[in-house]
Amino acid sequence: MNRILGKEKLSAEVFRLRVEAPGIARERRPGQFVIVQQDELSERIPLTIADADARAGWIVLVFQTVGRATHRLAELEAGQSIENLVGPLGRPTEIHRLGHVVCVGGGIGVAPLYPIAQAMNHAGNTVTVIMGARSADLLILQPEMDAIANRLIVCTDDGSAGRKALVTEPLAELCAETPPPAEVVAIGPPIMMKFCAETTRPYGIHTVVSLNTIMVDGTGMCGGCRVTVGGQTRFVCVDGPEFDGHLVDFDNMMLRLGAYRPLEHAAHEACHLDEQARRLARKKA
Ligand code: FAD
Ligand code: FES
Ligand code: MG
């Protein structure tokens with residue numbers, strides 16, 4: 001059992017939970033994740049460890065409500081518990097002093113990007129953070145990123161905050177600078193990571209992406225997180241989640257991510273019906 005110590009709503013769809021997990025807080029390194037199972041009947045979902053305090057014994061999870069499991073998780077309040085938290089899982093990010101590192105985050109991808117940008121900063125790199133969202137109300141962790149980035153570039157699709165552009169636009173400008181960035185780290189929707197990798201490819205800039213495939217066990221046993229990287233089969237949970245963006249077969253990954261969409265949709269609908277029934281019952285009581 002892992003007690004929830006704090007809960008905050010960061011945007012209409014994004015929540016931050018501070019969860020008691022002393023062992024994980026002690027061992028975790030940037031780039032790693034946990035598998036969360038709210039109770040024994042819930043789906044197991046991977047969430048990045050967005051922050052941690054080893055002394056106080058807690059970790060931070062930042063998640064977007066996209067389907068049944070994440071909606072149910074958002075219903076938990078401080079004082080309640082998550083039944084099962086497994087981790088830290090995955091290989092930690094390789095952090096080196098490289099010079100100028102550009103960290104690109106799209107949507108909820110800003111949450112997993114934060115500990116990496118922070119570690120890049122602590123390692124003595126000059127860190128430019130480009131963060132993007134559909135609109136201003138969906139931007140998350142802007143003050144936190146501002147505190148650790150040497151330069152922060154905010155983009156929105158509709159121009160309601162920062163620059164009206166896709167994240168690839170300022171990224172392309174930075175790539176054309178002399179000298180170009182030493183490394184780019186991009187985390188967000190697969191399509192965003194694909195186009196970030198295409199932007200850096202002509203410049204030969206090493207580009208790290210963190211893949212968000214479907215996962216079940218998180219330990220290399222089920223094959224659910226299979227991806228093709230450089231023509232070879234790799235498992236995101238044990239070989240990743242970070243890979244060389246220039247070698248990832250994003251089209252195949254996107255195809256596999258959509259494979260369960262009808263089932264996910266049905267579960268999401270059922271979850272809304274449950275919610276409505278509970279609301280009605282509360283009203284009647
Ligand atoms: P579902 O009904 O299962 O899915 C709803 C829709 O969301 C799907 O149709 C699909 O479009 C999309 N989706 C489903 N699974 C994933 C997935 N694994 N990645 C991306 N999109 C997905 N999410 C966060 O909000 N915060 C995080 O820090 C975070 N870290 C992750 C780290 C790793 C290593 C991985 C693999 C994924 C991470 N994710 C994170 C994604 C998260 O696991 C999914 O959003 C979650 O499993 C959705 O569960 P659900 O039942 O609510 O939605
Ligand atoms: Fe099962 Fe990776 S989640 S093999
Ligand atoms: Mg799912």
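Qualifying side-chain contact (heavy atoms from CB on, under 4.5 Å) partners for Ala56, counting only residues two or more places apart in sequence or in other chains: Asp53, Trp58. For the side-chain contact (heavy atoms from CB on, under 4.5 Å) test, residues two or more places apart in sequence or in another chain that qualify with Glu83 are Met1, Asp39, Glu40. Partners of Arg201 according to the side-chain contact (heavy atoms from CB on, under 4.5 Å) rule, which considers only residues two or more places apart in sequence or in another chain, are Glu198, His246. Scanning for side-chain hydrogen bond (donor to acceptor under 3.5 Å, both in side chains) contacts around Asp217 gives Thr219, with sequence neighbours left out. Applying the side-chain hydrogen bond (donor to acceptor under 3.5 Å, both in side chains) rule to Asn150 yields no partners; only residues at least two apart in sequence or on another chain are considered. Every residue meeting the side-chain contact (heavy atoms from CB on, under 4.5 Å) condition with Ala123, not counting sequence neighbours, appears here in chain and number order: Ile95, Asn125. Remark: Glu242 pairs with no residue by the salt bridge (Lys or Arg N to Asp or Glu O under 4.0 Å) rule, at least two apart or across chains. Listed by chain and number, the residues in a side-chain hydrogen bond (donor to acceptor under 3.5 Å, both in side chains) with Thr126 amount to none (sequence neighbours excluded).
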Enumerate donor-acceptor pairs with a distance under 3.5 Å from any side-chain N or O in residues 208-216 to protein atoms, sequence neighbours excluded.
none

For residues 160-172, which side-chain N or O atoms pair as donor and acceptor with protein atoms under 3.5 Å away, sequence neighbours left out?
| residue | atom | partner | partner atom | Å |
| --- | --- | --- | --- | --- |
| Ser160 | OG | Ala136 | N | 2.8 |
| Ser160 | OG | Asp158 | OD1 | 2.6 |
| Ser160 | OG | Asp158 | OD2 | 3.3 |
| Arg163 | NH1 | Glu173 | OE1 | 3.2 |
| Arg163 | NH2 | Glu169 | OE2 | 3.3 |
| Arg163 | NH2 | Glu173 | OE1 | 3.4 |
| Arg163 | NH2 | Glu173 | OE2 | 2.5 |

I'd like a table of donor-acceptor pairs (distance under 3.5 Å, sequence neighbours excluded) in which one partner is a side-chain atom from residues 137-148, with atom names and distances.
| residue | atom | partner | partner atom | Å |
| --- | --- | --- | --- | --- |
| Asp137 | OD1 | Ser135 | OG | 2.5 |
| Glu144 | OE2 | Arg16 | NH1 | 3.1 |
| Glu144 | OE2 | Arg16 | NH2 | 3.4 |

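Applying the salt bridge (Lys or Arg N to Asp or Glu O under 4.0 Å) test to residues at least two apart or on different chains, the pairs with a partner in residues 184-194 are Lys194-Asp251.
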